[in-house]
Amino acid sequence: MQLAFHWVRVQVFCYATERQELLEETLAELLGTDEFTEDVSEGEHGDTMLILEARLTKQREYNALFRKLGSDIREWIKEDVENRVDEDCVFYMRLDKQKAVRGEYEVAHHGDVISITGKIQSHPARKDVAEANIVAFLDSLEDHSGSS
């Protein structure tokens with residue numbers, strides 16, 4: 001199995017108008033665990049919001065997360081890899097939060113999201129090497145996932 005990340009952070013903002021339990025269930029379903037931190041913050045209009053965050057550090061957790069996203073999203077990442085990885089070998093993507101609540105995972109290009117950020121293992125630490133490594137990781141999931 002291709003080693004993928006040093007760490008992955010999955011984060012979602014829960015606004016005062018949203019049901020915290022529903023977002024916790026959504027995050028738990030996506031991650032396969034309910035182990036995440038909660039941090040209270042203040043929104044731009046003075047309202048309280050909760051930040052739910054999970055930090056994954058194990059290969060099996062990365063595998064489970066990216067398998068859960070499905071083959072369409074994995075293919076999208078591979079096709080858009082130059083825009084998903086920065087010069088510090090950090091991977092970025094966002095999922096539509098409202099669709100995720102319904103159990104559908106779709107890439108988002110707006111602000112109401114579940115954000116996924118990860119430090120890609122890359123030796124040497126170069127963008128092109130990191131891009132190749134994440135593509136190889138995603139390909140390895142296709143090889144071992146059966147049906148996705």
* Apply the test side-chain hydrogen bond (donor to acceptor under 3.5 Å, both in side chains) to residues Y15 and D47: give CA-CA distance (whole Å), side-chain angles for both, the deciding distance (0.1 Å), then the verdict. => CA-CA 8 Å; Y15 299 99; D47 51 332; over 6 Å; no
* Asked: Do the side chains of D139 and K78 get nearer than 4.5 Å, heavy atoms only?
  -> yes
* For the student: nearest non-hydrogen atoms of A130 and I120, plus distance -> O-CG2, 3.7 Å
* Shortest non-hydrogen contact from L138 to F66? -> CD2-CD2, 3.8 Å
* Do the side chain of D86 and the main chain of D88 share a donor and acceptor less than 3.5 angstrom apart? -> yes
Show me the donor-acceptor pairs, under 3.5 Å and distance only, between side chains in residues 109-116 and residues at least two apart or in other chains.
| residue | atom | partner | partner atom | Å |
| --- | --- | --- | --- | --- |
| H110 | ND1 | D112 | N | 3.2 |
| H110 | NE2 | D96 | OD2 | 3.0 |
| D112 | OD1 | K97 | NZ | 2.9 |
| D112 | OD2 | Q98 | NE2 | 2.9 |

* **salt_bridge(E29, K68) N-O dist < 4.0 Å** => yes
* Where A54 and L31 come nearest, the two heavy atoms and their spacing -> CB-CD1, 3.3 Å
* To do: State, with a plain yes or no, whether a side-chain heavy atom of M93 is found less than 4.5 Å away from one of V107.
  => yes
* To do: Evaluate the side-chain proximity of L95 to I73: yes if any heavy-atom separation is below 4.5 Å, no if none is.
  => yes
* Donor-acceptor under 3.5 Å (R74 side chain, L69 main chain) -> no
* To do: For residues I134 and F5, report the shortest heavy-atom separation together with the two atoms involved.
  => CD1-CZ, 3.8 Å
* Which residues satisfy the side-chain hydrogen bond (donor to acceptor under 3.5 Å, both in side chains) test with E25, sequence neighbours excluded? -> none
* Asked: Does Q121 use its side chain to pair, donor to acceptor, with the backbone of A4 at less than 3.5 Å?
  -> no
* Asked: Are any of the side-chain heavy atoms of Q11 and I51 separated by less than 4.5 Å?
  -> yes
* Structure fact -> Residues Y62 and F137: closest non-hydrogen pair is O-CZ, 3.8 Å
* Structure fact -> Looking only at heavy atoms, the pair that brings F91 and I77 closest together is CE1-CG2, 3.7 Å
